[in-house]
Amino acid sequence: MDFLTIIQIADSALRLATPLLFACLAGLFSERAGIFDIGLEGKILASAFMSAAIAFVTGSVWLGLLCGVFASISFSAVHGMASITFRGNQLISGVALNFLASGITVLAAQAWFGQGGRTPPLMGGGRFLPIELPFALGKSDAEAAGVPLRILIEQANPIQQVYSEFISGHTVLVYVALLMVPLSWFVLFRTRFGLRLRAVGENPAAVDTAGVSVIKLRYAAMLIAGILCGLSGVYLATGLGAGFIKEMSAGRGYIALAALIFAKWRPVTALGATFLFGLLEAIANRYQNIDLGGIVIPVQFMQALPYILTVVILAGFVGSSVAPKAGGQPYVKER
């Protein structure tokens with residue numbers, strides 16, 4: 001395996017980790033506020049369908065993005081109402097939303113497009129296209145050199161290879177996801193809002209005693225989670241893919257929750273955790289079968305690696321992870 005191959009695998013891992021990162025940060029905000037959000041999977045599906053459907057009908061990926069995020073916020077509002085206002089069981093509410101999204105997206109897609117529960121392929125302005133950063137090797141450089149772009153990159157120095165293959169060439173949502181990591185860290189750990197949000201997840205009674213509304217803070221967290229989860233679904237359907245297909249989230253909401261536990265509810269380590277899951281999927285996609293000294297690892301095992309790691313993490317083999325103390329508990333104001 002040469003250096004360029006490693007860079008290409010890392011590039012694929014970053015693309016595959018982007019929807020996980022959005023969803024992981026969404027779960028981070030909601031769980032830091034004391035709301036367990038099992039419904040990440042459903043919100044990803046709802047936003048993926050709505051963004052792809054609207055993008056196809058209108059031909060505008062930006063309108064698709066707005067509608068996809070709105071769909072996710074709507075699901076988040078329902079979960080917030082059930083968990084915060086009516087003090088229902090947060091796990092049951094999240095699972096119910098997952099089942100609802102799984103069924104309603106296929107039903108709506110079949111009724112709307114009649115293609116077996118999927119949307120027609122997106123083309124042109126209906127999806128996000130890669131952005132070529134300045135000084136990155138591109139088609140114009142290959143035409144000027146008179147060689148294919150692949151050969152030109154192979155002949156470039158390692159720094160140019162990393163810049164052209166790993167840093168450049170992603171859609172705008174990949175860069176937005178990366179920017180969300182330091183922004184989330186700053187909001188949670190360097191602002192008054194973040195301090196109050198974390199306090200609500202640890203001791204909501206103390207926050208209420210200080211005259212701050214616990215309900216408003218938790219709804220604000222659900223709003224942020226809805227936006228981030230919406231971006232995850234939008235990227236899945238209009239950036240990573242070219243349309244919506246049945247169950248295209250493929251358990252990414254649950255994997256994001258496992259990555260959140262692995263990251264111990266911190267934004268920076270969440271980036272590393274989601275990249276690890278993306279790396280496993282990228283390796284599985286590139287190497288169908290791996291020969292380890294006469295032992296051939298089948299493709300089915302490689303494809304199952306992200307889910308196996310999810311089970312391992314949830315089983316607690318990565319060290320002790322302490323969740324927010326008030327997580328999953330509805331707050332009842334003392335009178």
Item to check | Salt bridge flag under 4.0 Å for residues E247 and R118 | outcome: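 Judged by the 4.0 Å cut-off on N to carboxylate O distance, E247 and R118 do not form a salt bridge.
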Checklist entry - Taking NZ, NE, NH1 and NH2 as the nitrogens, is one of them in R198 or E202 under 4.0 Å from a carboxylate oxygen of the other? => result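 No salt bridge links R198 with E202.
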Do side-chain atoms of [X] reach the backbone of [Y] as a donor and acceptor pair under 3.5 angstrom?
X	Y	value
S12	I9	no
T238	A52	no
E132	G169	no
E41	R252	yes

So, for [X] and [Y], which heavy atoms are closest and what is the spacing to 0.1 Å?
X	Y	value
A53	W112	CB-CZ3, 3.6 Å
Y175	S168	OH-CA, 3.6 Å
D11	H170	OD1-CE1, 2.9 Å
F29	A221	O-CB, 3.6 Å
S47	S72	CB-CB, 4.1 Å
T119	F113	CG2-CE1, 3.6 Å

Next on the checklist: The test is side-chain contact (heavy atoms from CB on, under 4.5 Å); show your working for T5 and R286 and say whether it passes.
Outcome noted: CA-CA 10 Å; T5 301; R286 189 176 183 94; 3.6 Å; yes
What is the distance from atom [atom1] of [X] to atom [atom2] of [Y], rounded to the nearest 0.5 Å?
X	Y	atom1	atom2	value
K43	S74	NZ	OG	11.0 Å
L240	F128	CG	CZ	13.0 Å
S249	L45	OG	CG	3.5 Å
I84	Y331	CD1	OH	13.5 Å
C229	D37	SG	CG	7.0 Å
L20	F275	CG	CZ	12.0 Å

Checklist entry - Can you check side-chain contact (heavy atoms from CB on, under 4.5 Å) on Q161 and Q8, steps first, answer last? => result CA-CA 9 Å; Q161 289 178 344; Q8 290 171 344; over 6 Å; no
Does any non-hydrogen side-chain atom of [Y] lie less than 4.5 Å from one of [X]?
X	Y	result
L63	V57	no
I308	L280	no
T171	I131	no
L25	I224	no
F22	V176	yes
I153	E165	yes
K325	N203	no
V172	L129	no

Checklist entry - For residues N157 and Y163, is any side-chain donor paired with an opposing acceptor at under 3.5 Å? => result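 The answer is no; no qualifying pair exists.
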Checklist entry - Y235 and S51: side-chain donor and acceptor closer than 3.5 Å? => result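 No - no donor-acceptor pair under 3.5 Å links their side chains.
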Checklist entry - Passes side-chain contact (heavy atoms from CB on, under 4.5 Å), R190 versus W185? Steps please. => result CA-CA 8 Å; R190 289 295 183 270; W185 174 86; 3.9 Å; yes
Residues, nucleotides or ligands: over 12 heavy atoms within 6.0 Å of [X] [atom1]:
X	atom1	result
F135	CZ	no
F189	CZ	yes
I215	CD1	no
Y254	OH	yes
L183	CG	yes

Checklist entry - Are the ring centres of F277 and F262 closer than 6.0 Å? => result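 Ring-ring flag for F277/F262: false, centres at least 6.0 Å apart.
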Decide whether [X] and [Y] are clustered together by the hydrophobic rule: side chain heavy atoms of Ile, Leu, Val, Met, Phe, Trp, Tyr closer than 4.5 Å, transitively.
X	Y	value
W265	V268	yes
L223	L65	yes
M123	F56	no
L122	M248	yes
L228	L173	yes

Next on the checklist: Before you tell me yes or no, could you show the steps for T191 and L197 under side-chain contact (heavy atoms from CB on, under 4.5 Å), namely the whole-Å CA-CA distance, both residues' side-chain angles and the distance that decides it to 0.1 Å?
Outcome noted: CA-CA 10 Å; T191 64; L197 192 72; over 6 Å; no
Checklist entry - Checking side-chain contact (heavy atoms from CB on, under 4.5 Å) against R218, which of P204, S83, S213 comes through? => result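 In the set P204, S83, S213, the residue that makes a side-chain contact (heavy atoms from CB on, under 4.5 Å) with R218 is P204.
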